[in-house]
Amino acid sequence: MKISTCLVVLLALTAAPPLIAAEDHSQHQTHQGQLSLDHGAKWLTDEPLRAGMEQVRSAMAVNLERIHRAEQTTAEYSALATIIRQQVTTIVAQCKLKPEADANLHIVITDLLSGADAMQRKGGADPTSGAHRVIEAMNAYGAHFDHPGWRNLP
């Protein structure tokens with residue numbers, strides 16, 4: 001990722017949700033919040049991205065049954081949100097993608113962070129719906145990024 005893009009995302013991690021939305025629209029207007037493929041192919045990934053997404057996927061997978069049964073506690077949702085934020089911070093700091101792939105990744109990151117916010121009840125959001133948003137973002141990542149061995153979450 002470009003240094004300026006990384007700084008914007010890192011600032012967005014600690015700011016209110018409107019800054020995240022503003023960064024997404026101002027930096028990636030051509031995508032308008034829609035993920036796309038690279039001329040019909042999945043976007044290439046690098047090791048930091050794959051490692052971070054695997055960590056998020058693993059954390060979510062362990063909790064899926066309780067999430068789907070709406071039995072997850074507030075503390076469990078908060079812990080998941082913390083893991084997501086930590087991994088996103090690492091991904092943003094370490095991964096280096098082509099600008100077009102980076103723009104698509106930011107759409108996924110925005111959804112991950114929005115889901116994490118909801119899981120922590122920010123803005124009065126429902127944690128279960130936040131977890132489902134994270135699951136959708138993870139599955140969209142798998143559909144648009146070349147991550148060998150990736151398995152979608154049910």
Side-chain angles (χ1 to χ4, degrees), residues 1 5-29 31-36 42-43 45-95 97 101-154:
M1 289 186 206
T5 302
C6 290
L7 290 175
V8 169
V9 173
L10 285 173
L11 289 173
L13 290 173
T14 58
L19 180 58
I20 293 170
E23 184 276 331
D24 184 52
H25 293 296
S26 67
Q27 296 295 318
H28 312 299
Q29 291 177 358
H31 294 284
Q32 300 174 352
Q34 299 287 332
L35 287 170
S36 64
K42 292 182 178 184
W43 297 102
T45 58
D46 62 7
E47 183 55 35
L49 174 57
R50 290 187 298 272
M53 293 302 278
E54 283 290 343
Q55 290 295 320
V56 173
R57 189 201 176 286
S58 294
M60 292 299 292
V62 167
N63 291 277
L64 272 182
E65 188 174 323
R66 292 180 53 77
I67 290 168
H68 289 315
R69 291 192 323 230
E71 295 175 349
Q72 196 81 336
T73 67
T74 300
E76 290 167 331
Y77 275 124
S78 184
L80 275 173
T82 298
I83 291 168
I84 292 165
R85 290 184 185 291
Q86 289 170 340
Q87 292 306 315
V88 166
T89 298
T90 301
I91 289 167
V92 169
Q94 295 179 1
C95 85
L97 301 178
D102 183 63
N104 276 274
L105 179 59
H106 281 277
I107 296 167
V108 173
I109 285 173
T110 298
D111 288 344
L112 289 174
L113 293 175
S114 175
D117 283 348
M119 288 177 5
Q120 292 181 320
R121 296 186 183 270
K122 292 185 179 178
D126 174 51
T128 302
S129 66
H132 287 287
R133 183 161 188 172
V134 169
I135 292 166
E136 290 171 8
M138 299 299 292
N139 292 344
Y141 165 79
H144 292 86
F145 288 85
D146 184 15
H147 185 130
W150 182 261
R151 296 175 329 273
N152 281 345
L153 294 166

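Only a predicted model underlies this, so the values are computations on that prediction, with no experimental measurement involved.
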Begin with the C-alpha distance, continue with both residues' side-chain angles, and end with the deciding distance and a verdict on side-chain contact (heavy atoms from CB on, under 4.5 Å) for L105 and W43.
CA-CA 9 Å; L105 179 59; W43 297 102; over 6 Å; no
Where is the tightest heavy-atom contact between R133 and S114, given as atom of each residue plus distance?
NH1-OG, 2.9 Å
Rounded to the nearest 0.5 angstrom, the NE2-CD1 distance for H132 and I67 is 7.0 Å
Got a sec, which residues hit side chain to side chain contact (heavy atoms under 4.5 Å, CB included) with R50, two or more places apart in sequence or on another chain?
T45, E47, Y141, H147, P148
Inter-residue atom distance Q87.CD - L49.CG, 0.5 Å rounding:
11.0 Å
Between L64 and P154, what is the shortest heavy-atom contact and its length?
CD1-CD, 3.5 Å
Side chain proximity check, V108 to M53, heavy atoms < 4.5 angstrom:
yes
Nearest 0.5 angstrom please: M138 CE to D111 CG, how far?
12.0 Å
Side chain to side chain contact (heavy atoms under 4.5 Å, CB included) partners of E76, counting only residues at least two apart
R66, Q72, T73
Keeping T90 on the side-chain end and Q86 on the backbone end, is there a donor-acceptor pair under 3.5 Å?
yes
Does K42 reach the main-chain N or O of G142 with its side chain, forming a donor-acceptor pair under 3.5 Å?
yes
Quick one: pull up CE in M60 and CG in L80 and give me the separation to the nearest 0.5 Å.
5.5 Å
Answer whether the closest heavy-atom distance between the side chains of P127 and T74 falls below 4.5 Å.
no
Non-hydrogen atoms of M119 and A81 that approach each other most closely:
CE-N, 3.5 Å
Rounded to the nearest 0.5 Å, the CZ atom of R57 sits from the CD1 atom of I135 at a distance of 10.5 Å
Exam field: side chain S129 to backbone D126, donor-acceptor pair closer than 3.5 Å
yes
Taking all heavy atoms of A140 and all of L35, pick out the closest pair and write down the distance.
CB-CD1, 3.5 Å
Contacts of type salt bridge (charged side-chain N to carboxylate O under 4.0 Å, His left out), residue E65, not counting sequence neighbours:
R69
Within a strict 4.5 Å, meaning less than it, do heavy atoms of the Y77 and N63 side chains meet?
no
Separation between CD1 (I109) and CD1 (I84), nearest 0.5 Å, reads 12.5 Å
Given side-chain contact (heavy atoms from CB on, under 4.5 Å), test T82 with Q120 step by step and report yes or no.
CA-CA 9 Å; T82 298; Q120 292 181 320; 3.8 Å; yes
